[in-house]
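For reference, the structure is listed below as structure tokens.
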2 protein chains.
Amino acid sequence: MYTISETAEKLGMSAHTLRYYEKEGIIAPQRNEAGIREFDEQHILWLQFVKKMRETQMPVTQIKAYTKLFQEGEHTAGDRLKLLEEHQQYIKDQIETLQATDEMLTKKITAYKKAMKGILN
Amino acid sequence: MYTISETAEKLGMSAHTLRYYEKEGIIAPQRNEAGIREFDEQHILWLQFVKKMRETQMPVTQIKAYTKLFQEGEHTAGDRLKLLEEHQQYIKDQIETLQATDEMLTKKITAYKKAMKGILN
DNA sequence: GTAGACCTTAGAGTGAACTCTAAGTCAAAT
DNA sequence: ATTTGACTTAGAGTTCACTCTAAGGTCTAC
């Protein structure tokens with residue numbers, strides 16, 4: 001069992017962000033008698049998944065949608081699969097964009113270095 | 001010579017965005033007698049570069065910094081090179097993150113499909 | 001027993017990058 | 001001549017995803 005700040009530390013996000021995710025319905029930690037949030041290993045795993053989705057630009061609204069489907073039960077597996085496949089397609093497109101710009105930059109950087117060498121000579 | 005809306009159309013961005021970029025010092029189109037902006041091929045090329053940088057998450061402030069260095073002349077080539085190299089590193093890191101999550105999603109998607117097939121049988 | 005560090009809440013504030021509005025000018029088409 | 005549509009401006013508004021504040025409660029160590 002972890003407190004909010006232990007969980008935040010473990011995940012490299014702020015306690016503020018965790019409270020925000022809870023308000024948005026993305027996590028639902030138990031509370032102890034004093035009303036303090038208790039995160040377990042399952043929550044950590046889920047948050048690691050959420051973090052990966054955010055790092056790859058999945059909007060919080062889509063993560064909410066995915067979470068909601070999860071809570072609705074097994075019969076939503078098809079819809080969840082669709083969300084994951086859509087996001088994977090987004091990732092693949094994004095990789096292509098990044099690779100194209102990476103190559104463009106390599107050319108530009110090479111040209112810069114050549115030009116600067118010319119100046120030093 | 002292109003008007004702002006022709007330029008916007010050509011680049012797939014809005015005229016609003018072009019005015020915003022001008023206000024930020026990222027472009028400086030000429031004006032005709034009536035005060036109307038005139039974009040030429042050089043502006044288009046520059047904006048295509050800006051667009052690629054934005055698509056790969058370079059912040060507008062960094063693009064501004066790069067533009068400013070450009071305007072200051074040849075002696076800033078080293079600084080500009082540094083900015084480009086830093087952004088290229090960001091891109092490479094981002095590609096790695098995306099690829100890792102892509103693989104994770106492939107596994108998750110496969111698992112989903114297996115589970116759903118099990119249900120259909 | 002009190003200081004300090006943690007936790008709680010509702011709700012306000014922030015920064016980035018647009019995106020839009022209102023009020024107005026101007027040139028071309030009918 | 002007037003309507004249409006594109007252009008102009010300054011500045012306000014929006015969306016996203018946090019991020020922080022204020023006011024207060026509770027637990028642990030000295």
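In what follows, every heavy atom counts, from backbone to side chain, and hydrogens, waters and symmetry copies are set aside.
- With rounding to whole Å, Glu24(A) atom CD is found 11 Å from dC16(D) atom C1'.
- One finds a side-chain N or O of Thr3(B) lying less than 4.0 angstrom from the OP1 or OP2 phosphate oxygen of dC7(D).
- In this structure, the CD atom of Glu38(B) is 10 Å from the P atom of dT8(D), given to the nearest Å.
- Atom OH in Tyr2(B) sits roughly 15 Å away from atom P in dC7(D) (whole-Å rounding).
- Between Arg31(A) and dT9(C) there is a side-chain polar atom (N or O) within less than 4.0 angstrom of OP1 or OP2.
- Atoms CD and OH, on Glu85(B) and Tyr112(A) in that order, are 11.0 Å from each other to the nearest 0.5 Å.
- Rounded to an integer number of Å, the gap from CD of Gln30(B) to C1' of dC7(D) is 17 Å.
- Taking the six-membered ring for Trp, Phe70(B) and Trp46(B) have ring centres closer than 6.0 Å.
- Of the inter-residue distances, the one linking Leu83(B) atom CG with Met53(B) atom CE reads 11.0 Å to the nearest 0.5 angstrom.
- In this structure, the separation between OG1 on Thr110(A) and CG on Leu81(B) is 9.5 Å, given to the nearest 0.5 Å.
- To the nearest angstrom, C1' of dT8(C) lies 13 Å from CZ of Phe39(A).
- With rounding to whole Å, Ile4(A) atom CD1 is found 18 Å from dT26(D) atom P.
- Figure legend: Lys10(B) and Phe39(B) shown without cation-pi pairing, the cationic atom not lying both under 6.0 angstrom from the six-membered ring centre and within 45 degrees of its axis.
- The distance from the CG atom of Leu105(B) to the CG atom of Leu98(B) is 10.5 Å, given to the nearest 0.5 Å.
- Distance check: His87(A) NE2 to Thr101(B) OG1 gives 7.0 Å after rounding to the nearest 0.5 Å.
- Across all strands, Arg37(A) comes closer than 4.0 Å only to sugar-phosphate atoms, never to a base (heavy-atom distances).
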Could you pull out the protein-nucleic contacts involving nucleotides 15-19 of chain C (nitrogen or oxygen on both sides, under 3.5 Å)?
unit_1: dA17(C); atom_1: OP1; unit_2: Val60(B); atom_2: N; d: 3.2
unit_1: dA17(C); atom_1: OP2; unit_2: Val60(B); atom_2: N; d: 3.3
unit_1: dC18(C); atom_1: OP2; unit_2: Tyr21(B); atom_2: OH; d: 2.9
unit_1: dC18(C); atom_1: OP2; unit_2: Arg54(B); atom_2: NE; d: 3.0

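- To the nearest angstrom, C1' of dT8(C) lies 15 Å from CG of Leu18(A).
- Using a 4.0 Å heavy-atom distance criterion, Ala34(A) is classed as a sugar-phosphate-only contact.
- Between the CZ atom of Arg19(A) and the C1' atom of dT21(D) there is a distance of 12 Å, rounded to whole Å.
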